[in-house]
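Bear in mind the structure is a predicted one, so any value in this text is a computation, not a measurement.
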Amino acid sequence: GLVQRIDLGSGIARYEPVHSGGHHHHLVCDACGKVEAFEDPQLENAIHRLEEASGYAVAGHDVVLHGACGDCR
C-alpha cells in the first residue's frame, strides 16, 4: 500500500508513492516521454456527476492525457 501502479498506455507503467490526499492525474508527452502530474477539481466534479447519473459507485479512476509538451510542440 505504499506505491501505486500508473498505466500510461502503450504498455508503459510507472510506480509512484501513495500520498495521503492530493489525488492527481497525468499528462504524457508522446515525443520525449515526460510525465507530469496535474490536479483539476472541475474534472473531479465531472466524474462525480457521471457517477451519480450512471448509478455506478466508482471506486477509483485514472486519467492519462497524451500529447506533446511545451518543449516538443
Side-chain angles (χ1 to χ4, degrees):
L2 299 176
V3 295
Q4 64 182 357
R5 182 177 189 271
I6 307 298
D7 182 2
L8 300 176
S10 302
I12 299 170
R14 292 197 181 176
Y15 295 85
E16 64 183 22
V18 173
H19 300 287
S20 57
H23 177 75
H24 63 271
H25 302 289
H26 297 90
L27 295 159
V28 178
C29 179
D30 293 324
C32 72
K34 179 169 46 174
V35 178
E36 294 187 61
F38 74 94
E39 295 180 25
D40 187 332
Q42 291 178 333
L43 176 58
E44 296 302 321
N45 289 336
I47 292 168
H48 182 68
R49 285 192 311 273
L50 179 61
E51 177 182 31
E52 289 178 342
S54 69
Y56 275 74
V58 175
H61 64 273
D62 298 310
V63 175
V64 178
L65 302 175
H66 289 265
C69 71
D71 294 334
C72 294
R73 288 178 59 173

Rounded to the nearest 0.5 Å, the CD atom of E16 sits from the CD1 atom of I6 at a distance of 4.0 Å

Closest non-hydrogen contact found for A13 with R5 is CB-NH2, 3.4 Å

With L65 via side chain to side chain contact (heavy atoms under 4.5 Å, CB included) - residues at least two apart: L27, F38, V63

Side-chain donor-acceptor contacts of residues 47-55 below 3.5 Å, not counting sequence neighbours, with atom names and distances?
unit_1, atom_1, unit_2, atom_2, d
H48, ND1, E51, OE1, 3.3
H48, NE2, E52, OE2, 3.0
E51, OE2, V58, N, 2.8
S54, OG, L50, O, 3.0
S54, OG, E51, O, 3.2
S54, OG, Y56, N, 3.2

Please table the atom pairs, donor to acceptor, closer than 3.5 Å between any side-chain atom in residues 29-36 and protein atoms at least two apart or in another chain.
unit_1, atom_1, unit_2, atom_2, d
D30, OD1, H66, ND1, 2.9

Write down the atom of H24, the atom of A37, and the distance for their closest heavy-atom approach. CD2-CB, 3.4 Å

Side chain to side chain contact (heavy atoms under 4.5 Å, CB included) partners for E44, two or more places apart: H23, H25, H61

